[in-house]
Amino acid sequence: MFPGNAYSSLLHRPRTDLCSVTVTGVEQITEYFHRLRFDDGGLLTGRLVHPTMSASLCFDGPTGPHRRSFTLVDPDPAAGTFAVEFAVHAGTASRWAQSAIPGDRLSAAITGPRFELPRPGADGWLIAGDATSLSAVNSLLEAIAVSDEPDVPVTIWMEYGRDDEFTLPLRIRDDHRVEWIPRGDPAALVDAIAAQAFAARGYRGWVGTEAHSAPLIADVLRRDYALGAGDVTAIGFWAHAGVDARLAQAAG
Ligand SMILES: Cc1cc2nc3c(=O)[nH]c(=O)nc-3n(C[C@H](O)[C@H](O)[C@H](O)COP(=O)(O)OP(=O)(O)OC[C@H]3O[C@@H](n4cnc5c(N)ncnc54)[C@H](O)[C@@H]3O)c2cc1C
């Protein structure tokens with residue numbers, strides 16, 4: 001597993017292996033959550049897939065190329081396919097996703113370090129996310145489900161901004177504990193997680209939330225839940241308005 005703060009290494013990571021990916025299908029899960037299927041144009045050729053795998057997609061922005069990271073859903077190198085689930089808001093990538101049709105193309109490059117479940121496995125998982133990281137959380141849950149320790153306790157805190165986000169397809173088991181926390185006060189998610197602290201040494205943490213809260217949640221997991229320094233992965237998935245969005249992306 002890569003260390004908790006992958007910030008600086010990713011900031012300088014070169015974007016290599018650009019491929020042209022093509023939309024092959026569009027599915028509206030809710031009004032604000034769209035799943036697009038892609039032909040990979042060779043993006044996955046020779047790649048080992050891993051949970052939370054992501055790609056940088058390049059959109060036509062108002063002032064030039066607009067690159068943003070997105071999680072690959074069901075990446076299949078043999079078939080040369082993957083999907084992306086867009087949590088729609090007011091942004092260039094979101095707008096593109098809302099109007100995309102089969103045949104539309106983007107350039108794409110695999111980004112981010114390889115993420116693997118620890119061996120031996122964790123004693124449990126503490127996971128924090130939101131609609132933008134739902135695909136990553138699901139890929140993590142699937143990896144846990146097929147691991148040697150599929151039955152360890154899993155707690156998931158999901159921040160939500162819209163009521164219909166409760167219906168999003170979170171791939172949980174009956175024994176997983178899920179709590180939905182409304183977005184509002186930026187500290188609400190951090191405080192809610194801190195308020196439920198218990199001694200969780202031996203657990204692993206994964207955080208994919210707004211860029212300010214991600215490191216704060218990671219601190220809470222280390223300090224209040226007693227997770228090891230290297231046992232928490234925290235990624236800023238997006239940034240509130242007014243924050244340089246490229247900075248948030250760099251943390252991923
Ligand atoms: C590793 C990684 C994987 C990711 N995977 C996914 C994924 O699978 N699906 C997904 O939907 N997103 C994912 N994201 C988040 C996505 O990259 C960002 O939300 C990105 O900012 C969207 O780009 P945009 O062009 O739509 O908006 P931008 O141009 O970046 O931002 C426009 C405005 O919208 C605001 N904004 C940005 N994102 C959000 C948001 N989620 N909610 C509310 N306001 C927002 C910004 O503050 C800004 O004011 C991922 C991020 C990382 C780092």
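Here the structure is a predicted model, which means the values were calculated and not measured. Ligands are counted one by one from 1 in listed order, and the atoms in each one are counted from 1 as well. The figures here come from the full heavy-atom set of this structure, side chains too, leaving out hydrogens, waters and symmetry mates.
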Colleague: What atoms of ligand 1 come within less than 4.0 Å of a heavy atom belonging to Glu85?
Modeller: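 By the 4.0 Å cutoff, the relevant atoms are 7 (C), 8 (O), 9 (N), 10 (C), 11 (O).
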Colleague: Taking atom types as modelled and ignoring hydrogens, do the side chains of Ser20 and Arg105 form a donor-acceptor contact shorter than 3.5 angstrom?
Modeller: yes
Colleague: Are Leu106 and Val73 linked, directly or through intermediate hydrophobic residues, by side-chain heavy-atom contacts shorter than 4.5 Å (ILVMFWY only)?
Modeller: no
Colleague: With a 6.0 Å cut-off (strictly less than), is the heavy-atom count around CG of Asp175, excluding the residue itself, greater than 12?
Modeller: yes
Colleague: Could you list which atoms of ligand 1 come closer than 4.0 Å to a heavy atom of Ala93?
Modeller: 23 (O), 24 (P), 25 (O), 26 (O)
Colleague: Run the contact test for Ala239 against ligand 1 with a 4.0 Å cut-off on heavy atoms, strictly below, and give the result.
Modeller: yes
Colleague: Run the numbers for me: atoms of ligand 1, each under 4.0 Å from some heavy atom of Ala87, listed by number.
Modeller: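 The atoms of ligand 1 under 4.0 Å from a heavy atom of Ala87 are 10 (C), 11 (O).
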Colleague: Check whether any side-chain N or O of Asp40 sits under 3.5 Å from a backbone N or O of Leu44 as a donor-acceptor pair, and report yes or no.
Modeller: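 Yes, because the side chain of Asp40 sits within donor-acceptor range (under 3.5 Å) of the backbone of Leu44.
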Colleague: Of all the atoms in ligand 1, which lie at a distance below 4.0 Å from a heavy atom belonging to Gly236?
Modeller: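 Taking each heavy atom of Gly236 in turn, ligand 1 has 53 (C) under 4.0 Å.
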Colleague: Are a donor atom and an acceptor atom from the side chains of Glu165 and Trp180 found within less than 3.5 Å of each other?
Modeller: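 The criterion, which ignores hydrogens and geometry beyond distance, is not satisfied for Trp180 and Glu165.
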Colleague: Tell me whether Ile101 is reachable from Phe59 by hopping between hydrophobic residues (I, L, V, M, F, W, Y) whose side-chain heavy atoms are closer than 4.5 Å.
Modeller: no
Colleague: Run the numbers for me: atoms of ligand 1, each under 4.0 Å from some heavy atom of Ala90, listed by number.
Modeller: 32 (C), 33 (C), 34 (O)
Colleague: Would you mind listing which atoms of ligand 1 come within a distance below 4.0 Å of any non-hydrogen atom of Thr92?
Modeller: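 With Thr92 as reference, the close atoms of ligand 1 come out as 24 (P), 25 (O), 26 (O).
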Colleague: Keeping Arg114 on the side-chain end and Leu48 on the backbone end, is there a donor-acceptor pair under 3.5 Å?
Modeller: yes
Colleague: For ligand 1, which atoms, with element, lie under 4.0 Å from some heavy atom of Phe86?
Modeller: 11 (O)
Colleague: Counting only N and O atoms by type, is there a donor-acceptor contact under 3.5 Å from the side chain of Thr209 to the main-chain atoms of Gly129?
Modeller: no
Colleague: Would you tell me which option among His66, Arg68, His34 has the nearest heavy-atom contact to atom 25 (O) of ligand 1?
Modeller: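 Checking each option, the heavy atom nearest atom 25 (O) of ligand 1 is found in His66.
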Colleague: Enumerate the atoms of ligand 1 whose separation from the nearest heavy atom of His240 is less than 4.0 angstrom.
Modeller: 47 (O)
Colleague: Does the N or O separation between Arg183 and ligand 1 drop below 3.5 Å for any pair?
Modeller: no
Colleague: Purely on distance, is any nitrogen or oxygen of Ser94 under 3.5 Å from one on ligand 1?
Modeller: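 It does: an N or O of Ser94 is found under 3.5 Å from an N or O of ligand 1.
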